[in-house]
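Step one of this worksheet: look at the structure below.
Per chain, numbering begins at 1; letters A, B, ... match sequence-line order.
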Protein chains: 2
Amino acid sequence: MGSIDSKTEEIIFRAARKVFTRKGFDGARMQEIADEAGINKALLHYYFRNKDKLFDRVFRDVVKSTLPQLIGIMNSDMPLFDKIRTFTSTYIDILSGNPEFAGFVFHELSRNPYRLLESLKESGPNLRVLENQIKEAALSGKIEYIPVTHLVVNMMSLIALPFIAQPVIMGMFSMNPEDFDAFIRERKELVPQTIIHSIIKRP
Amino acid sequence: MGSIDSKTEEIIFRAARKVFTRKGFDGARMQEIADEAGINKALLHYYFRNKDKLFDRVFRDVVKSTLPQLIGIMNSDMPLFDKIRTFTSTYIDILSGNPEFAGFVFHELSRNPYRLLESLKESGPNLRVLENQIKEAALSGKIEYIPVTHLVVNMMSLIALPFIAQPVIMGMFSMNPEDFDAFIRERKELVPQTIIHSIIKRP
DNA sequence: GTCTATAAACAGATAGAC
DNA sequence: GTCTATCTGTTTATAGAC
């Protein structure tokens, strides 16, 4: 269940992912997906029954292709600062390759939060690990204590929002696409620095 | 041009803003707006001609009701750290009152970036002021230099993303709506702290 | 100005030939 | 499996009565 068997199915699925992640469920058209796949509209229904089911598969695929990597890093026994750097670098790489993913996931989740429960909790992050690292580092005087919630949200924010706000940023700072790419690359260094500076204990 | 004259027009407009900001252009239905306004569908067209024009008015209204305040703070002659604190506090207050605004604006702008040029550049921010403050503070050894772009994006990110990711955050950390409100209130202190700690010069 | 009724266009889904 | 043709329901938009 949930696997891709035939060649055509694969082509359709990729087309659907492209259109859905760009336009969202409401903005996507079955016709556009068919065009993108170079096949007929009827085939979409032959392979995926209806728009909802096709979307569901796409949404799960997007989540599955990104979350586990990030959760893996979060749950690892890497030292705290390394974890922050690796998480940032990996997350930015993922979103650089798929700039629409962040906006897509957040938008669809506020449209229909139920899906979250399934797709997120299937591979839910274990915050205990990170929480203990923070407490330990705080007790040893290495960092200022910060609740896990805020640390995680701060990282997510600094990493994901620039992609969601890409047109705003490009407009506001008169950037072209190359400028924006460079800007994102700079953030691979800057974001971990920002996070670490904000919690590290001063002498 | 662009002003609201009659009572009914005002009621319709508020209903439209509510529905559009929640569902987005593609997800919004003229019927739902009519229902929300307690009037008939035909009246929407009588007052606003079509869906596109109604949406345009709403989008501009949302931008106009938020951006100028933030730009005003950015362009003021407030000291740098005060500016960071005031900007954060004001922005969070705006979004607390209208949690859908951030997701709405960013989503619609990536759907149709043209609108940005008009709505954003009408009251474009003057980054020179902030840029000079950063340079001055860096030269006087008060802070580590940071490009304006990154400083502004960092603030925007830490403030806006939590609202966009609200369902994710509530799911991930098992929060109820009250928990989330408290979480956001905490950020009014935490975000400026994070930003300032990340740039302030260590002894 | 506000309504009901209806037109016109669109989008998702199915039937049936090949 | 893949196509064309078509149906059904939805959604925007207009006509016209009051």
TODO: Classify every nucleotide of nucleotides 13-18 of chain D by which part a protein heavy atom approaches to under 4.0 Å, writing B for the base, S for the sugar-phosphate alone and - for neither, in 5'-to-3' order.
DONE: BB----

- [ ] Assess the side chains of A/Asn112 and A/Glu108: does a donor N or O sit below 3.5 Å from an acceptor N or O?
- [x] no

Open item on the list: Once you measure the plane-to-plane angle for A/Phe183 and B/His150, does it fall in the parallel (<30°), tilted (30-60°) or perpendicular (>60°) bin?
Closed with: parallel

Open item on the list: What is the separation between atom CG on B/Leu44 and atom C1' on D/dT11, rounded to the nearest whole Å?
Closed with: 12 Å

Task: A/Asp35 CG - D/dT2 P separation (whole Å) - done: 16 Å

- [ ] Find the distance B/Ile12:CD1 to C/dG1:C1' and express it as a whole number of Å.
- [x] 10 Å

- [ ] For A/Ala165 and B/Met156, work out which heavy atoms get closest and say how close.
- [x] CB-CE, 4.1 Å

Task: Euclidean distance, B/Ile143 CD1 relative to B/Leu151 CG, rounded to 0.5 Å - done: 7.5 Å

- [ ] Please report, rounded to the nearest Å, how far the C1' atom of D/dT12 is from the CZ atom of B/Phe48.
- [x] 16 Å

TODO: Look at the aromatic rings of B/Phe20 and B/Phe25 and report parallel, tilted or perpendicular, splitting at 30° and 60°.
DONE: parallel

- [ ] Give the nucleotide from the list C/dC3, C/dA11, D/dT2 with an atom nearest to the side chain of A/Leu43.
- [x] D/dT2

Task: Closest approach of A/Ser110 to A/Pro113 (non-hydrogen atoms, all atoms of both residues) - done: O-CD, 4.1 Å

Task: Integer-rounded Å distance: D/dT11 P and B/Phe25 CZ - done: 13 Å

Task: Gap between atoms CZ and P, on A/Phe55 and C/dA13 respectively (whole Å) - done: 14 Å

Task: Protein-nucleotide distance (A/Ile39, atom CD1; D/dC3, atom P), rounded to Å - done: 7 Å

Open item on the list: Whole angstroms only, please: what is the CG-C1' distance between A/Asp26 and C/dA11?
Closed with: 13 Å

- [ ] Classify the nucleic acid contact of A/Ala28 as base, sugar-phosphate or nothing, counting any heavy atom under 4.0 Å across all strands shown.
- [x] sugar-phosphate

